[in-house]
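Following: one structure in structure tokens, then a few remarks.
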Amino acid sequence: MNILVTGGAGYIGSVVSEELVRSGHEVVVYDSLYKGHRRAVVDGAKLITADLTDSERLGQTLKESKIDGVIHLAADSLVGESVNNPGKYYGSNVTAGLVVLEEMRKCEISKIVFSSTAAVYGEPQKQPIQESDSINPTNPYGETKFAFERALHWYEKSYGIHYASLRYFNAAGATEHCGEHHEPETHLIPIVLQAIAGKRPFIEIYGDDYETPDGTCIRDYIHVSDLARAHVMALGILDSRSSIYNLGCGGTGYSVHEVINVASEITGRDCPVRVGKRRAGDPAVLIASSEKIKAELGWSPEQQSLHSIIESAWRWMRNHPRGYEE
Ligand SMILES: NC(=O)c1ccc[n+]([C@@H]2O[C@H](COP(=O)([O-])OP(=O)(O)OC[C@H]3O[C@@H](n4cnc5c(N)ncnc54)[C@H](O)[C@@H]3O)[C@@H](O)[C@H]2O)c1
């Protein structure tokens, strides 16, 4: 198929594009490069540098490239920023997303895979979280992702656009060519590796008095290649139906201490650590259940071990000491 990947110059979008090219699809990356990197666009994919809100350019791209389906990853995704600037998040994650849906409707494109987030669940009552659990986002990031999911629901009802919405927590790891380069970086694994590499003075642990075996928070990490595979597999249902799937690590998750210890083991270096206070709204454990997508599509993570996730991230960081910068 001819697939448009919005946000394909970003971290997950580049690996999704890689997986699409490998599976024989034609890929058009649509990215403003406002956060992404030209060098992250994979060989074999065409780059259109434009913003989602440029409806004319988007519509023209959909038509000229005879796009059959869209994988929508372009978004703003910093929780703290979303609290300080909710308007920005409604703009990028809802209004700009609606431009995608409107242009798809005009071009009669009826397939979209949406990179949502498990932040839609907020602070869940039980673990692992299932798709049927209550939705209660605690910040504008999760709220705006959910708002777009609702738009997908109504665009399906009104225009027959089928969607797959994928809800997950922490993407991690790298492939040989594509890795994580965010500015600012807010994700634990790259931050730990940066502290180990001397690129930041220390890593702050936000509380070590949680009710978990080692006192630090436990989170769900999924290798970015496994996420990419799920995005491509999800395209397969869109001829006939829509669905929402969680993507979870399939196990019991990893604590902050475990991440630090495994990173130290892999790199052979100590990680400078400071223990700070708990952050408001940080639950002790957040794990998503993948049972539904496993049962329906046969997806489960193949690179589940923290060791292989961190090893791939470290390899990419060593081979790209300045990330995607020249
Ligand atoms: N990284 C994670 O751990 C994680 C977890 C759950 C969900 N997600 C979701 O996955 C998606 C990708 O995340 P990521 O970490 O790869 O982010 P990223 O910032 O690396 O990539 C996003 C890309 O979208 C582009 N973009 C943003 N707004 C745009 C616009 N209006 N027009 C055109 N391009 C635009 C940016 O330039 C960037 O290249 C996001 O939707 C995010 O919410 C990410």
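In this chain, numbering begins with 1 at the start of the sequence shown. Read the numbers this way: they start at 1 and go in the same order the structure lists the ligands and their atoms.
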*For residues Tyr163 and Trp154, establish whether the separation of their ring centroids is below 6.0 Å.*
no

*asked:* Could you identify the single nearest non-hydrogen protein atom to atom 32 (N) of ligand 1 and state the distance to 0.1 Å?
replied: Leu52 N, 3.0 Å

*asked:* Heavy-atom contact check, 4.0 Å cutoff: does Ala50 meet ligand 1?
replied: yes

*Does a sphere of radius 6.0 Å around CZ in Arg150 hold more than 12 heavy atoms from other residues, nucleotides or ligands, not counting ones at 6.0 Å or beyond?*
yes

*With respect to Leu4, which candidate in Leu58, Ile109, Ile112 satisfies the side chain to side chain contact (heavy atoms under 4.5 Å, CB included) definition?*
Leu58

*If you measure from atom 28 (N) of ligand 1 to every heavy atom of Ala40, Ala75, Ser92, which option wins on shortest distance?*
Ala75

*Around atom 7 (C) of ligand 1, find the nearest protein heavy atom and jot down its residue, atom name and distance.*
Ser116 O, 3.1 Å

*Spacing of CG belonging to Leu33 relative to CZ belonging to Arg39, to within rounding of 0.5 Å*: 13.0 Å

*Evaluate ring pair (Phe, Tyr, Trp, His ring centres under 6.0 Å) for His72 paired with Phe148, printing each intermediate quantity in order.*
CA-CA 11 Å; His72 180 42; Phe148 189 71; 5.3 Å; yes

*For atom 36 (C) of ligand 1, what's the nearest protein heavy atom and its distance?*
Asp31 OD1, 3.5 Å

*asked:* How far is atom 16 (O) of ligand 1 from the closest protein heavy atom, and which atom is that?
replied: Ile12 N, 2.8 Å

*Among the heavy atoms of His187, does any lie under 4.0 Å from an atom of ligand 1?*
yes

*How far is atom 26 (N) of ligand 1 from its nearest protein heavy atom, and which residue and atom name does that atom have?*
Ala74 CB, 3.7 Å

_Counting non-hydrogen protein atoms only, what is the nearest one to atom 10 (O) of ligand 1? Give residue, atom name and distance._
Tyr168 OH, 3.1 Å

_Over 12 foreign heavy atoms within 6.0 Å of NZ, Lys157_ = no

*With a cut-off of 6.0 Å (strictly less than), are more than 12 heavy atoms of other residues, nucleotides or ligands near NZ of Lys199?*
yes

*Against heavy atoms of Gly36, which atoms of ligand 1 measure under 4.0 Å?*
36 (C), 37 (O), 38 (C), 39 (O)

*asked:* Nearest non-hydrogen contact with atom 20 (O) of ligand 1 belongs to which option: Arg167, His182, His231?
replied: His182

*Short list, please: which atoms of ligand 1 are under 4.0 Å from a heavy atom of Ser115?*
10 (O), 41 (O)

*asked:* Using a 4.0 Å cut-off to any heavy atom of Asp51, which atoms of ligand 1 qualify?
replied: 30 (C), 31 (N), 32 (N), 33 (C)

*How far is atom 40 (C) of ligand 1 from its nearest protein heavy atom, and which residue and atom is that?*
Leu73 O, 3.1 Å

*asked:* Could you tell me, atom by atom, which parts of ligand 1 come under 4.0 Å of a heavy atom of Ser77?
replied: 42 (C), 43 (O)

_Under 4.0 Å from a heavy atom of Gly10: which atoms of ligand 1 are those, numbered in the order shown and with their elements?_
20 (O), 21 (O), 39 (O)

_Counting neighbours of NZ on Lys106 that are heavy atoms of other residues, nucleotides or ligands and sit closer than 6.0 Å, is the number greater than 12?_
yes

*Would you find more than 12 non-hydrogen atoms of other residues, nucleotides or ligands less than 6.0 Å from Glu26 atom CD?*
no

_Would Leu20 and Ile71 count as a side-chain contact (heavy atoms from CB on, under 4.5 Å) here? Give the steps._
CA-CA 10 Å; Leu20 285 166; Ile71 300 188; 4.0 Å; yes

*Could you name the option among Ser32, Gly13, Gly142 that has the heavy atom nearest to atom 35 (C) of ligand 1?*
Ser32

_Need the ligand 1 atom indices (1-based, order shown) with element for anything under 4.0 Å from a heavy-atom of Asn170._
3 (O)

*Give the atoms of ligand 1, by number and element, whose distance to some non-hydrogen atom of Lys145 is under 4.0 Å.*
40 (C), 41 (O), 42 (C), 43 (O)

*What is the distance from atom SG of Cys217 to atom NE2 of His257, rounded to the nearest 0.5 Å?*
11.0 Å

*Looking at atom 5 (C) of ligand 1, what's its closest protein heavy atom, distance included?*
Phe169 O, 2.6 Å

*Would you find more than 12 non-hydrogen atoms of other residues, nucleotides or ligands less than 6.0 Å from Lys88 atom NZ?*
yes

*Parallel, tilted or perpendicular for Tyr324 and His320, by the 30°/60° rule?*
tilted

*Sub-4.0 Å atoms of ligand 1 with respect to non-hydrogen atoms of Ala9*: 39 (O)

